[in-house]
Amino acid sequence: MAVGSVPLRYRITIDRDRCMECGRCVENCPYGTFRWEGDRIVVDSRNCTACHRCIAMCPRDAISLAEYPCDYRSHPLWTRDAREAIYNQARSGKIILAGMGNVQPLPPIFDSLLLDACQVTNPSIDPLREPMELRTYIGKKPSKLEFSRTPDGDVDLRTELTPNLMLETPIMIGHMSYGAISLNAQLALAKGAHGAGTFLGTGEGGMHPAIFPYQDNMIVQVASGRFGVDVDYLNRGAAIEIKIGQGAKPGIGGHLPGEKVCADVSCTRMIPMGSDAISPAPHHDIYSIEDLAQLVRSLKEATEWKKPVFVKIAAVHNVAAIAAGIARSSADAVVVDGFRGGTGAAPKVFRDHVGIPIEAAISAVDQKLRNQGVRNEISVVASGGIRNAADVTKAIALGADAVYIGTAALVAMGCRVCGNCYRGLCPWGIATQRPDLVARLDPEKEGEHVANLIHAWTMEVSELMGAAGINAIESLRGNRDRLRGYLLDEGMLKVLDVKPVGA
Amino acid sequence: MVLRIDATGLHYTPLNRQVRAAVRDGETEIVIDNVLGQRFIADGLCGEVRITVNGVPGGDLGMFMRGPTVIVNGNADHAPGNTMDGGTIIIHGSAGDAVAHSMRGGRVFVRDDIGYRGGIHMKEYEEKRPCLVVGGSARSYLGEYMAGGIVLLLRLGDTGPFVERGIASGIHGGEVYIRGEVDPGCLAIGAKVLPLDEERRARIRPLIEEFCRYFGEDPAPLIAADYTRIGPASARPFAGKYVWE
Ligand code: SF4
Ligand code: SF4
């Protein structure tokens, strides 16, 4: 073959002086990087995905992993990645599939936004001593409240309130389906969300009976494939989310390959075992905002108007106008998923090149909704690449009510962001259905880790708020005066509606 | 006892509330008169009840429904039977686009024609095998993305070949039966004409008989007629499209 093989990506070395030949690396690597040859362990670095499972499990710290230096002729345009993608496609003639989020080296805008802190005037607030209000309600809010007096002098609320979700923190966990992730992983996330007083999404894979005890913390998803959707499923969820788009792959549908549709997955998706689960790009009953409104209302009718309905879209060029349309569709929340969102599998070309950053999208959506006077009619949830409490705080200051985390929650359970989820061999028991790998993840323990992460970030958000002299999340929302842009161009500052540092 | 509801000037939510309350109270026979475009009738409704709709219901009739029988004396708007779970919808007239969209169980019978994307994304699971039977004709994209169930198109009064485009694109389960010839150029990617053996004929026979019972047709010529059977070229239409990073 003219193309031949490409150089290794990573190199694994075993320090033979330290190794005690216990064989844990052999057992732990599902990609076959290690094998016994007689009584000696040999390494095939070509199989390594940098998942770090072997390193984490080696009792002697004997394994080291390094990116293998690239020996192509250096070139600023024809990078190793660009060349190797071509070799791959010249050989296969196929679409390249990739996992997790965007790998383009674009600077995150979050890192160029700096938060404020009080000094002498407007003293900062000490969250240890002062109450900080982080409780967040997702759903429609009335533009004004009307009261009346009862004959015995009491005050009655006359305004009819629509159902809202009550979160103890502005952090939720986004939708990751059973199928894309293992049942143990979903169970751990559910336990984590429950422990932290927040919610998580089912993804489009239906709901497994093991999750039923956590149904009050679940947001059930309705995607174009309508997998696992029936009236019981809709009634189980605390809220319903219609998935129109996803940050990692805007404009394309979902596809769970038949080999991942095992007996259990087949039962939650309600499709035969081994058949491909295809969610086409569009919902075939939605071709306009009016059609979307129809689906929102049909879900509300089916559940007797007791559940908030979210609509999730990918952050794309015209996102603000789309969100404004959604705000008029009876939806209670719009979820905007930025281009750094992760996924189990996406065509690489989509993952890396389609969509826009969440920072710009959220700000544009918030501004548009405010300008049109409908901001209170809908909550805004930001997702896609939220890495820490500072990102959460900045997303809220740019106009989000709450955020969804995805990859961060997986990292809390062990994920090393190796990007190989689409192969179904996740060594951490997350993005896999192979029983021996799934069993590696202890839902109890990992659920605690997820809850810990959310607790820790929530405390950090409240510290950041306190430093900025803010004691309620409501006062942080859309409060761009608490942000300044550093090394951002004028155009970006305008989109974000943020002043430059020093101003 | 038959419960009669007058839908004149009634918004769909109070109408559906009345229907739900009646079913909760154990009503088994409901007649809704003067229906004029009210959407979502019987949306998410569960139970053994027979609902007669006099007039023209709006979109998403019987969406997510499980159990009831809904008889429409008139035409229906788009997507009757959308994501329906079980029960029967019988329409004495025509229906709009996306009839039986993502239907998971139960049966939909339409006496006359349907619009575009009929039976789109229908799916099956275990004993749930939905079917859509249409007496007249259908427009393009019939059975698109079908993952299970049966679509049967009787084309009463039409003897020429069926020439609507995009039949069963992306089909990966289930079957489409169309009476008479089908222009092969109308079959979309993923769809294939399959042989019609006796076992398959036996499979559609009860559907033909049921259709004829509802609409007063003679089943004999329809049972004896020729059908083109269309199914997936492969259960994995997208296998082989992707390569690893
Ligand atoms: S896990 Fe570590 S100590 Fe055990 S065989 Fe592998 S390299 Fe050696
Ligand atoms: S979920 Fe597993 S396969 Fe996916 S990136 Fe994380 S460690 Fe790798």
Side-chain angles (χ1 to χ4, degrees), chain A residues 81 84-85 88-89 91-99 103 222 224-235 253 255 257-259 266-267 269-272 274-280 283-285 287 291 294-295 297-305 345 347-348 351 419-420 422-423, chain B residues 12-13 15-17 20 39-46 58-60 63-67 77-79 82-86 97-98 101-105 116-117 120-126 128 141 144-145 147-148 169-173 232 234-245:
Chain A
D81 211 44
E84 288 186 2
N88 191 350
Q89 294 191 295
R91 193 182 291 128
S92 66
K94 294 176 182 178
I95 294 172
I96 301 178
L97 212 54
V103 297
V222 175
S224 69
R226 307 281 158 87
F227 295 114
V229 177
D230 66 12
V231 63
D232 297 338
Y233 170 75
L234 297 176
N235 278 317
H255 172 209
E259 55 264 351
S266 122
C267 134
R269 296 212 173 207
M270 301 172 184
I271 52 170
S275 80
D276 278 14
I278 299 165
S279 264
H283 286 247
H284 291 297
D285 49 359
Y287 286 87
D291 287 350
Q294 169 102 0
L295 181 60
R297 293 193 183 119
S298 70
L299 291 166
K300 293 195 172 203
E301 276 293 310
T303 52
E304 302 186 62
W305 297 78
K348 184 175 154 68
R351 185 193 68 177
N420 275 260
Y422 56 96
R423 288 172 63 181
Chain B
Y12 56 77
T13 303
L15 171 59
N16 273 328
R17 275 202 192 129
R20 264 174 208 283
R39 301 180 236 175
F40 315 127
I41 292 175
D43 181 7
L45 190 69
C46 300
D60 293 328
M63 190 166 185
F64 307 117
M65 178 175 98
R66 179 190 295 152
D77 199 340
H78 68 270
N82 194 348
T83 325
M84 177 173 145
D85 204 38
D97 297 340
H101 174 283
S102 286
M103 192 174 160
R104 302 192 45 247
Y116 294 85
R117 310 191 300 280
I120 191 164
H121 224 301
M122 253 165 71
K123 48 178 59 68
E124 67 186 43
Y125 177 61
E126 291 184 342
K128 285 187 190 289
Y141 314 113
E144 193 175 37
Y145 282 113
S169 35
I171 185 171
H172 51 292
S234 136
R236 308 284 316 276
F238 300 117
K241 193 175 164 189
Y242 300 106
V243 62
W244 290 348
E245 187 179 28

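Lettering of chains follows the sequences in order, A, B, ..., and the numbering in each one begins at 1.
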Original post:
For B:Y141, is it the side chain, the backbone, both, or neither that has a heavy atom closer than 4.5 Å to a heavy atom of chain A?
Top reply: neither
**OP:** Tell me whether the guanidinium CZ or amine NZ of B:R39 lies under 6.0 angstrom from the six-membered ring centre of B:Y12 and within 45° of its axis.
**Re:** no
Original post:
According to the interplanar angle, ranging from 0 to 90°, do the rings of B:W244 and A:Y422 count as parallel (below 30°), tilted (30 to 60°) or perpendicular (above 60°)?
Top reply: perpendicular
**OP:** Would you check if the side chain of A:E301 reaches a backbone N or O of B:F40 as a donor-acceptor pair within less than 3.5 Å?
**Re:** no
**OP:** Name the option with the most non-hydrogen atom pairs under 4.5 Å to chain B; the candidates are A:A85, A:G225, A:S92.
**Re:** A:G225
Original post:
How long is the gap from CG on B:D43 to CG on B:D60, to the nearest 0.5 Å?
Top reply: 7.0 Å
Subject >> chain B contact via A:S298 - side chain, backbone, both or neither, heavy atoms under 4.5 Å >> reply: both
**OP:** Side chain from CB out, backbone as N, CA, C, O: work out which of these in A:D232 comes under 4.5 Å of a heavy atom of chain B, or both, or neither.
**Re:** both
Original post:
Would a distance-only check, ignoring hydrogens and angles, find a side-chain to backbone donor-acceptor pair under 3.5 Å from A:N88 to A:I96?
Top reply: no
**OP:** Tell me, out of A:L299, A:V229, A:T303, who's got the most heavy-atom pairs with chain B below 4.5 Å.
**Re:** A:V229
**OP:** Examine whether an atom of B:D85 lies under 4.5 Å from a heavy atom of chain A, and if so say whether it belongs to the side chain, the backbone or both; otherwise answer neither.
**Re:** side chain
**OP:** Could you tell me whether the side chain of A:K94 reaches within less than 4.5 Å of the side chain of B:Y242, counting heavy atoms only?
**Re:** no
**OP:** Would you mind checking which part of B:E144 comes under 4.5 Å of any heavy atom in chain A, side chain (CB onward), backbone (N, CA, C, O), both or neither?
**Re:** side chain
Subject >> Segment of A:Y233 engaging chain B (4.5 angstrom heavy-atom cut-off) >> reply: neither
Original post:
So, B:D97 versus B:H78: side-chain donor-acceptor pair below 3.5 Å or not?
Top reply: no
**OP:** Identify which part of A:S224 has an atom lying under 4.5 Å from any heavy atom of chain B, answering side chain, backbone, both or neither.
**Re:** backbone
Original post:
Is the B:Y145 to A:H284 ring centre distance short of 6.0 Å?
Top reply: yes
Original post:
Which of the residues A:E304, A:K348, A:Q294 is involved in the greatest number of heavy-atom pairs with chain B at under 4.5 angstrom?
Top reply: A:Q294
Subject >> Which of A:C267, A:G93, A:A98, A:G99 touches chain B most, by non-hydrogen pairs under 4.5 Å >> reply: A:C267
Subject >> Among the listed options B:A98, B:S102, B:A79, the residue most often paired with chain A at heavy-atom distances under 4.5 Å >> reply: B:S102
**OP:** Would you mind checking if B:R66 and A:D230 are paired as a salt bridge, meaning a charged N to carboxylate O distance below 4.0 Å?
**Re:** yes
**OP:** Specify which of A:P272, A:A277, A:P347, A:A302 makes the most heavy-atom pairs with chain B at under 4.5 Å.
**Re:** A:A302
Subject >> Between B:H121, B:K123, B:K128, the one whose heavy-atom pairs under 4.5 Å with chain A are most numerous >> reply: B:H121
